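Note sheet for the following structure.
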Amino acid sequence: MRGKPPHATEEPESFLLREHLKVMAVLLAILLAASLPPALCAAPAAQRWSLTQAVEEVLSASPELAQARERREAAAAGLAQARLEALPRLTARAQVARGDDPVYVFSSLLQQRRFEARNFALDALNHPGDLTAIHGALELGLPLFTAYALTTERLKARAGLSAARAAGEASLQAERAQAVEAYLRILLASSLLANDSKRVEAAKTEIEEADRLRERGLVLGADFYAARALLAGLRASQSRRRSELASAQATLALLAGRGEEEAIETTGRLDGTDSPEVSLRSLTEEALQRRGELLRARADEISAAAGLRRARLSALPSLEAFAALSADSSDLSSSASSRLVGLRASLPLGDPSYFERRRRAAAQLGAARADSKTLERSIRIELAQRYQDYESARAQLPLARSAAQEAASSLRLLRPLYREGRESILDVLKGERALEEARAAALQAAFSAHLGYARLRAAAGTLDEAAVGEIAARLGEAR
């Protein structure tokens, strides 16, 4: 007897319901897949950035530059505030009081214009009773001479704005240099990985051919296994390059405010145009005029000089013009008004802290000047070091490229000799290894030259958009 199908014992309605639910589940899965964003259905495509684009992405996401912008805004507001301090100031005052103090009641009645003859009675003077006084006034004050306090504040505020701008420029130079370095490291890691991959594929082909020849006794076993060890070394180098590339990509992605898992590819080439010759003397002159750290120190020096001037003149008198309009009432039904105008002067006669204040301000000025000289010396030293590093990389680049060409020529000569039986597979794999190392050295030298140029321009304070475009052009990218 033939077996019944699994659903033969089920009721027709339950079987149809179960099949209907299956179809609905499939349709629901299809609809959900169609509604998902493409980024969730497939692996995200790698971002291909030029150097200029990478720098723009890093600058737009930089928290340091956002902080520098806020500090510039604060300094600009401080300067505006210092300028407005010299304008007249209007103040409104109001007071409501009730009491039976004889002096308070006597003066309040006079101010309210309600004083009468009966208020001269001794009993009224001694026991006047409670009185409500509502007092309001508008006062206008204009500083005429402040012993150069307002002038000092304006000078300090202007110096503070200059310092904030200089600090922002220093941060901008540092962020650009960091972005260029991260981009060049991706370019170096990807180039080294491509170089290792090419050598590994070539070595694998040679090993496979040697394996066939070994089976026929045409290749020594010792040479074959030694060659395989060299291939393993090439593969280890390839694996290390992959890790370096992933690390470099994660660094640039994080600098640009992206996720560290986002893959970023470059569009340039390290074998582009060589970096140019530069003059250390001209770069030093530019650095002393443009380095943000030095400009900020000079602004601090100006601020300290203004502080010393203020400390010396703080013994001078200050003069202010004022005008006041007041109204006094007991119940707001009617009020008496009065006005007062005049000049107000103040002179510090016994200020025991005057000489110490001057000494402190003088020391602060001396420290600011010493800071400027220290920074100038540090900039000169940094520039000299960056210049030597750059010139060394430029000198090594043609030598490394020549060595790579020699290694390639040697490998081309080894392969036909190996096929003729005059060289071993071990010699061929050594040639592959030598070519891999020589080309890696050439790529490293090109990387050092481009990075050295960027660092040199940053040390001079001239790593601007034009300089970034210049480096991008030397990498074979369109401006």
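Everything numeric in this text was worked out from a predicted model, so none of it was measured.
With 3.5 Å as the limit, one finds a donor-acceptor pair spanning the side chains of S326 and S338. Side-chain atoms of R48 and T267 form no donor-acceptor pair, as typed in the model, at a separation below 3.5 Å. Side-chain contact of S62 with E175: a donor-acceptor pair under 3.5 Å is present, judged by distance alone. Checking T132 against S330 by side-chain atom types alone, no donor-acceptor pair falls below 3.5 Å. Side-chain contact of Q173 with E169: a donor-acceptor pair under 3.5 Å is present, judged by distance alone. Checked by atom type, the side-chain pair E301/S372 shows a donor-acceptor distance below 3.5 Å. Side chains of E139 and T91: no donor on one and acceptor on the other come within 3.5 Å. Side-chain contact check for Y390 and R386: no donor-acceptor pair (N or O, by modelled atom type) lies under 3.5 Å. Looking only at atom types and distance, the side chain of S50 has no donor-acceptor partner in the side chain of E477 under 3.5 Å away.
With respect to the salt-bridge test (charged N to carboxylate O, under 4.0 angstrom), the residues E391 and R394 qualify. One finds no salt bridge joining K198 and E201 here, because no Lys/Arg side-chain nitrogen approaches an Asp/Glu carboxylate oxygen to under 4.0 Å. Taking the charged nitrogens against the carboxylate oxygens, R474 and E470 do have a contact shorter than 4.0 Å, which makes a salt bridge. Using a 4.0 Å cut-off between charged nitrogen and carboxylate oxygen, R357 and D351 count as a salt-bridge pair. With respect to E73 and R69, no salt bridge is recorded, no charged nitrogen being found less than 4.0 Å from a carboxylate O. Under a 4.0 Å N-O distance rule, the pair E436/R433 qualifies as a salt bridge. Of the charged side-chain nitrogens involved, at least one lies within less than 4.0 Å of a carboxylate oxygen, so that R291 and E382 count as a salt-bridged pair. E356 has a carboxylate O that lies under 4.0 Å from a charged side-chain N of R359, or vice versa, which qualifies the two as a salt bridge.
Contact check for R281 versus T284: no side-chain heavy atoms found under the 4.5 Å cut-off. Taking the side chain as every heavy atom from C-beta outward, T152 and T146 never approach each other to under 4.5 Å. Put simply, the side chain of V180 reaches to within 4.5 Å of the side chain of V55, judged on heavy atoms. The side-chain heavy atoms of D100 and L131, taken from C-beta on, include no pair separated by under 4.5 Å. A 4.5 Å side-chain heavy-atom check between R242 and L193 finds at least one atom pair inside the cut-off. Put simply, the side chain of S314 reaches to within 4.5 Å of the side chain of R310, judged on heavy atoms. Contact check for H450 versus L475: side-chain heavy atoms found under the 4.5 Å cut-off. Side-chain contact between L125 and F106 is present, with at least one heavy-atom pair separated by less than 4.5 Å.
With rounding to the nearest 0.5 Å, the separation of CG in D300 from CD1 in I302 is 9.5 Å. Here the CD-CG distance, from Q95 to D328, works out to 9.5 Å after rounding to the nearest 0.5 Å. Atom CG of L325 is separated from atom OG of S337 by 6.5 Å, given to the nearest 0.5 angstrom. Expressed to the nearest 0.5 Å, how far CG of L245 lies from CZ of R241 amounts to 11.0 Å. One distance of note links CG of L51 with OG1 of T266; it measures 10.0 Å at 0.5 Å rounding.
The closest donor-acceptor contact from the side chain of Y453 to the backbone of V278 lies at 3.5 Å or more, if one exists at all. Within the 3.5 Å criterion, the main-chain N or O of G342 finds no donor-acceptor partner in the side chain of R344. A distance-only check finds no donor-acceptor pair linking the side chain of R358 to the backbone of A311 [under 3.5 Å]. Under a 3.5 Å cut-off, the side chain of S60 and the backbone N or O of E56 do form a donor-acceptor pair. Judged purely by atom type and a 3.5 angstrom limit, T251 uses its side chain to pair as donor or acceptor with the backbone of S247. The closest donor-acceptor contact from the side chain of T462 to the backbone of R457 lies under 3.5 Å. Proximity of a side-chain donor or acceptor of S392 to a complementary backbone N or O of Q388 within less than 3.5 Å is not detected.
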CA sep, side-chain torsions, deciding dist, call: E293, R296, salt bridge (Lys or Arg N to Asp or Glu O under 4.0 Å): CA-CA 5 Å; E293 298 90 336; R296 182 177 58 186; over 6 Å; no

Starting from the C-alpha separation in whole Å, work towards a yes-or-no answer on salt bridge (Lys or Arg N to Asp or Glu O under 4.0 Å) for E181 and R455. CA-CA 9 Å; E181 181 173 353; R455 286 176 171 175; 3.0 Å; yes

CA sep, side-chain torsions, deciding dist, call: S171, E64, side-chain hydrogen bond (donor to acceptor under 3.5 Å, both in side chains): CA-CA 7 Å; S171 298; E64 290 189 8; 4.6 Å; no

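Taking F447 as the reference, nothing meets the ring-ring contact (aromatic ring centres under 6.0 Å, His included) condition, with sequence neighbours excluded. Residues satisfying the ring-ring contact (aromatic ring centres under 6.0 Å, His included) test with Y387, not counting sequence neighbours, are none.
For CZ of R98, the number of neighbouring non-hydrogen atoms (other residues, nucleotides, ligands) closer than 6.0 Å is greater than 12. Heavy atoms of other residues, nucleotides or ligands lying less than 6.0 angstrom from CG of L122 number 12 at most. Within 6.0 Å of atom CZ in R165, 12 or fewer heavy atoms from other residues, nucleotides or ligands are found, so the atom counts as exposed in its surroundings.
Listed by first and then second residue, the ring-ring contact (aromatic ring centres under 6.0 Å, His included) pairs involving residues 127-169 are F145-Y148 (not counting sequence neighbours).
Heavy atoms only, all atoms of each residue included: A400 and A442 are closest at CB-CA, 3.6 Å. The two residues A297 and L375 make their nearest non-hydrogen contact at CB-CD1, 3.5 Å.
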